[in-house]
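Throughout, numbering of the chain's residues begins at 1 and tracks the sequence.
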Amino acid sequence: GGRIEKNASFGTAAVPRLSLVYTLRDGGTHAGATRLRAVAGLGIKEPTLLQSFSLNPYFAGNPNLRPERIQSSEVVLESRLSPQLSVTGSLYYNHIDNFIQQVVDPASGLLVFQNFGDLRTRGWENLRERMTREIRAFRRAQEAELRRLDVERVVRVEADRKSTRL
């Protein structure tokens with residue numbers, strides 16, 4: 001699938017998306033249901049009105065911003081171990097060109113939006129979910145690596161989140 005985006009300021013861009021799903025084992029909502037999913041696509045994110053034309057006294061807009069161009073891919077394995085317990089694991093990679101970020105303008109001291117070059121993220125995520133009639137509990141673990149290509153700086157992000165919902 002995909003779409004064509006047309007913008008008077010930035011022109012026309014194709015944003016294709018491909019998704020494949022393979023059922024390794026069919027179990028419906030019962031134990032054993034397992035499927036593999038792969039997703040890849042291109043995207044575009046145009047600067048918001050705030051980013052382009054903000055008149056806020058603490059940060060300035062930038063009418064010269066270019067749209068962010070995004071390449072993304074993800075592989076996901078989902079498995080239902082029992083009617084109440086499921087696990088999901090995924091690997092992902094994103095490349096964002098013309099990444100928009102706020103920086104301090106040395107002349108004015110204000111924050112201003114700028115295109116900051118390339119940003120790459122990659123990581124993994126897993127999710128364990130237990131469901132009963134009254135309670136839905138899950139635990140999500142995630143690790144990501146952010147890499148700005150213009151400064152070769154790597155930032156690692158780790159998260160482990162638990163939740164219980166009635």
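Residues meeting the side-chain hydrogen bond (donor to acceptor under 3.5 Å, both in side chains) test with Ser54, sequence neighbours left out: none. Partners of Asn62 by side-chain hydrogen bond (donor to acceptor under 3.5 Å, both in side chains), not counting sequence neighbours: none found. With sequence neighbours excluded, the residues that form a side chain to side chain contact (heavy atoms under 4.5 Å, CB included) with Ala13 are Ile44, Arg69. Scanning for side-chain hydrogen bond (donor to acceptor under 3.5 Å, both in side chains) contacts around Glu68 gives an empty result, with sequence neighbours left out. Remark: Ser86 pairs with Arg80, Glu129 by the side chain to side chain contact (heavy atoms under 4.5 Å, CB included) rule, at least two apart or across chains. Annotation: side chain to side chain contact (heavy atoms under 4.5 Å, CB included) contacts of Ile4 (sequence neighbours excluded): Thr12, Ala14. Legend: residues meeting side-chain hydrogen bond (donor to acceptor under 3.5 Å, both in side chains) with Glu46, ordered by chain and number and at least two apart, are Asn7. Taking Val103 as the reference, Val112, Gln114, Phe116 meet the side chain to side chain contact (heavy atoms under 4.5 Å, CB included) condition, with sequence neighbours excluded.
With a 4.5 Å cut-off between side-chain heavy atoms of Ile, Leu, Val, Met, Phe, Trp and Tyr, the cluster of Leu81 takes in Leu85, Val87. Connectivity analysis of hydrophobic side chains (ILVMFWY, heavy atoms under 4.5 Å, direct or indirect) links Val21 to nothing; its cluster partners are none. With a 4.5 Å cut-off between side-chain heavy atoms of Ile, Leu, Val, Met, Phe, Trp and Tyr, the cluster of Leu42 takes in none. Within the hydrophobic cluster formed by Ile, Leu, Val, Met, Phe, Trp and Tyr side chains joined at under 4.5 Å, directly or through other members, Tyr93 stands alone, with no partner residue.
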